[in-house]
Amino acid sequence: MKNYIKKIKYITSTIALMGTLLLQAQEITGTWTGELKLEDMTLEMNFNVEEVNGVYSSTFDVPIQGAMGIPIEKTEFNNLTLTIESEEYDLKYIGELSESQLKGTYTESGKDYVFNLIKTVKTLPGDTSLPSSDEELRGIAALETSSFKYTVEDFFEKPKLSTFRISPNGNYISFRRKDENGKNNVIVKNLKTNEEITAIYEKEDLVRAYFWKGNDRLIYLQDKGGNENYHLFGANPDGSNNVELTPYDKTMVELENVLQDDPNHMVVTMNKDNEELFEPFKININTGELEKLFENTDPKTPISDYIFDNDGVLRAYSKLKEGKYFENFFKNSETKEFEFRNKTDFDNNDLILAFDYTTKNPDDVYLVSNVESDKYEIYKYDMKTNKKLETVFKNDTYEIDNMVISSKNRNYEVDFYSYEGAKKTLVPVSKFYKKIYKRLAKEFGDKEISILSYDKNETKFIVHISSDKLRGIYYLYDLEKNTVEELANMLPHLDEKDLAEMKPISFTSRDGKTLHGYITLPKAALNGEQVPLILNPHGGPFGVRNSWTFNNEAQLFASRGYATLQINYRGSGGYGKAFQISGHKQIGRSMIEDLEDGVNFVIKNVWVDKDKVAVYGASYGGLATLQSLIKTPDMYICGVDYVGVSNLFSLLENFSGVRKSYIQWYKDRFYDPEVSEEHKIMTEVSPALNADKISQPLLVIQGANDPRVKIEQADQIVQNMRARGIHVPYMVKYDEGHGFAHEANRIELYETILGFFAQHLK
């Protein structure tokens, strides 16, 4: 009997203990939020704790930076104490649970901070009840049942080696190498010893860009979860002293002048002191120490552009007036005072490209301007006398694309100009560059040649070769040895013989405009078969254009038997001032008609099946997709809207921070809701307000952290169509912004799109 009683007591106590542990687990699981007070900012941070069968796991969020659901390696909860630790992010938190609070210490990079948390309900952007389940999206992807030589990964995986650069002394090359976890780390290789070292490890946030700053420092940019608030980081080539140089909340950094002759400083602009205004700072690339170079204090007339010379001296700036005009000022080289130069606007504008150091006059510059012409042209200009000296480059058909000037070593001579017509055209100028270009053209024929990086003595060059069928190959060109050495083929598994030609086309719109674009045809079409067509309008819409280049999407679609049509509709860049202006106030109207005219053009040329046409676009291209389904429903069998604008009123409301200055620009080019006639047009061409007219199958895709097209835009379309009983598959990624950048997300995106097209086009 005693043993029985003992057994009962043991069972009872065990049940009580388990109940206590279960209660504690329930108390600790969930989202814990607090304000972390660092030296120079206060940051909201969340820890999300889960428990499964007694095993704890956690993630953390930094909402203001758009970073959500970042996994943490170690999570423990014992004796009412929560321990969270991440070696990858160099952070640790220990907090004691007491009366629904966690009171503890947060440690990062060896520094301790008091950090107390309260339990909250975690919220994600948008309506979280709307996105389709992973199971549903996988089901759509599975609708593509055919087998093909190349997979989606073959087209959209990040290259194993990419982004090659050479150090100024020519002793090292750097590049990005993808590891087994899909992270693209930055590697530095000693060209003499071939020794390699990882200088920058890519973690949860992607390294968006990097470059050499002198021989002893690598500079790189990151944002949080695609929110486009880029911050500046620096690391030594051996990986040491890797620090964030601009750790400021709600701040966006833009590069202004690298200051090649100053090994320790750069000039950047930031909205650090006022989120609506960019101001220039000289920043120490080792410590992050700042020196403000000029004040920008008036949000009503903000300085929109700063021009620094090679020594980091501010020589000119432009003020934006009434959201539409520029008042341009320059610094008189004698008085050292800023003087008014001229007044321009968005359509008739000029910009200092570079200072002309080949003359004795310190006020001579190279100016790119379309004030007196339809196309931008480059001429030498005297800022002090405000006079044009001579035209140095112009093209009557296409806009100037670029001008490159040599370094001090060759007395700042012009190396080349370039412009973009059906293809990019490079015009060599200097004797030195003509020699290089002749050598490379002989080596690579009609491929596009780009020099990405070179050493200070201009003896070693990183060259990139590409075409419509070639993603790209990096080479090291040694001028002294006259050798060209292949460094890496970005997508070596894709055979050019298997890929489709991107063919330039032109046609006349219904109102007589000459329009240009590209058609990418699968092999079946070249053999005389009529194939399905995917109309792919570009984003922007103003100033952006399609180009002849390797296009992953078009090649993927061609490999599945679809033709892809890309049109540079009115308002697109590269064709001159009049062509851009012709797109003003034509969002959802004549811009859409240009797309329709392009579709009819290729149908008349018997390239495609007129009964199997889909439309797919991103950003403004998403609006064009939705509006096309509304305006001409009989032309399209289905559509895919990717981070697309659906409500022009909502888009205008999203102008905040530094973007507020451009509200008038939007009103002048899109529509002004305060003008009754334009308010009516905005309503008519906002797809979310006319979703009742969409009857074709639609797939919607959105990045939750998108700062340009908020997730509510996509939500509106999905809500409105589902309210009518039309189910719309809806893919949302909570670690993406305006377009998917993470490799796994992109692969899933295109597998789903292919399944959707297979369902409706085959």
Side-chain angles (χ1 to χ4, degrees), residues 48 57-62 65-74 86-91 134 137-138 141 150-165 174-189 196-210 218 220-228 230-231 233 235 239 242 471-474 487-494 550 552-553 555-556 618 642-643 701-706 731-754:
N48 313 295
S57 62
S58 64
T59 62
F60 75 93
D61 312 324
V62 186
Q65 296 179 338
M68 310 294 289
I70 301 172
I72 295 175
E73 300 102 284
K74 177 182 176 182
S86 171
E87 182 177 341
E88 181 177 3
Y89 296 99
D90 193 18
L91 66 83
D134 291 342
L137 295 173
R138 284 195 297 268
Y150 297 117
T151 65
V152 172
E153 289 93 333
D154 288 330
F155 290 99
F156 285 95
E157 68 177 1
K158 291 185 178 180
K160 291 180 173 58
L161 300 175
S162 64
T163 324
F164 283 78
R165 303 287 184 262
S174 58
F175 54 91
R176 304 190 70 174
R177 176 190 287 152
K178 186 171 66 172
D179 65 17
E180 64 276 7
N181 298 314
K183 300 299 183 182
N184 288 269
N185 305 316
V186 177
I187 312 298
V188 173
K189 179 179 180 178
E196 296 181 358
I197 190 169
T198 303
I200 302 170
Y201 285 94
E202 185 176 71
K203 299 181 180 179
E204 188 67 23
D205 294 315
L206 303 179
V207 174
R208 301 289 181 167
Y210 88 94
L218 291 164
Y220 63 102
L221 293 169
Q222 285 183 318
D223 67 350
K224 294 292 183 180
N227 68 355
E228 298 184 13
Y230 297 106
H231 285 203
F233 297 76
N242 191 334
R471 173 67 176 85
I473 303 177
Y474 293 95
L487 296 172
N489 187 331
M490 299 182 75
L491 296 177
H493 48 273
L494 295 180
F550 183 85
N552 306 61
E553 291 182 332
Q555 292 294 345
L556 174 67
Y642 178 26
V643 295
I701 303 161
Q702 182 68 35
N705 303 317
D706 193 335
M731 174 185 285
V732 175
K733 293 298 179 183
Y734 290 95
D735 57 350
E736 298 285 8
H738 196 59
F740 289 7
H742 291 83
E743 182 176 323
N745 291 340
R746 286 194 302 168
I747 291 170
E748 182 184 346
L749 163 80
Y750 289 106
E751 286 177 341
T752 305
I753 289 175
L754 287 180

Just checking, any donor-acceptor pair under 3.5 angstrom between side chains of Gln222 and Asp205?
no
Min side-chain heavy-atom separation [X]-[Y] under 4.5 Å:
X      : Y      : result
Gln555 : Arg471 : no
Lys158 : Leu206 : yes
Glu751 : Leu749 : no
Leu91  : Phe60  : yes
Met490 : Phe550 : no
Thr198 : Ile187 : yes
Ile753 : Ile701 : yes
Leu218 : Arg165 : no

Quick one: [atom1] on [X] to [atom2] on [Y], what's the gap to the nearest 0.5 Å?
X      : Y      : atom1 : atom2 : value
Asn184 : Lys160 : CG    : NZ    : 11.0 Å
Ile72  : Thr59  : CD1   : OG1   : 7.0 Å
Glu748 : Leu137 : CD    : CG    : 6.0 Å
Glu73  : Ser58  : CD    : OG    : 9.5 Å
Asp223 : Asn705 : CG    : CG    : 9.0 Å
Glu736 : Asp706 : CD    : CG    : 10.5 Å

Which heavy atom of [X] sits nearest a heavy atom of [Y], and at what distance?
X      : Y      : value
Tyr210 : Ser174 : OH-OG, 2.8 Å
Tyr734 : Ala704 : CD2-CB, 3.4 Å
Ala488 : Leu161 : CB-CB, 3.7 Å
Tyr150 : Leu494 : CD2-CD2, 3.6 Å
Val643 : Ala618 : CG2-CB, 4.1 Å
Thr151 : Asp154 : N-OD2, 2.8 Å

Verdict with reasoning, Tyr220 to Val186, per side chain to side chain contact (heavy atoms under 4.5 Å, CB included)
CA-CA 10 Å; Tyr220 63 102; Val186 177; over 6 Å; no
Passes ring pair (Phe, Tyr, Trp, His ring centres under 6.0 Å), Phe155 versus Tyr750? Steps please.
CA-CA 10 Å; Phe155 290 99; Tyr750 289 106; 9.8 Å; no
In this structure, is the centre-to-centre distance between the rings of Tyr474 and Phe175 below 6.0 Å?
no
Heavy-atom donor-acceptor pair, Arg746 side chain to Phe156 backbone, under 3.5 Å
yes
Short side-chain to backbone donor-acceptor contact, Lys183 and Lys203, under 3.5 Å:
yes
Please determine whether side chain to side chain contact (heavy atoms under 4.5 Å, CB included) holds for the pair Leu491 and His493, giving the CA-CA distance in whole Å, both sets of side-chain angles, and the decisive distance to 0.1 Å.
CA-CA 6 Å; Leu491 296 177; His493 48 273; 3.8 Å; yes
Might you confirm whether atom NZ of Lys178 has over 12 heavy atoms from other residues, nucleotides or ligands at distances under 6.0 Å?
yes
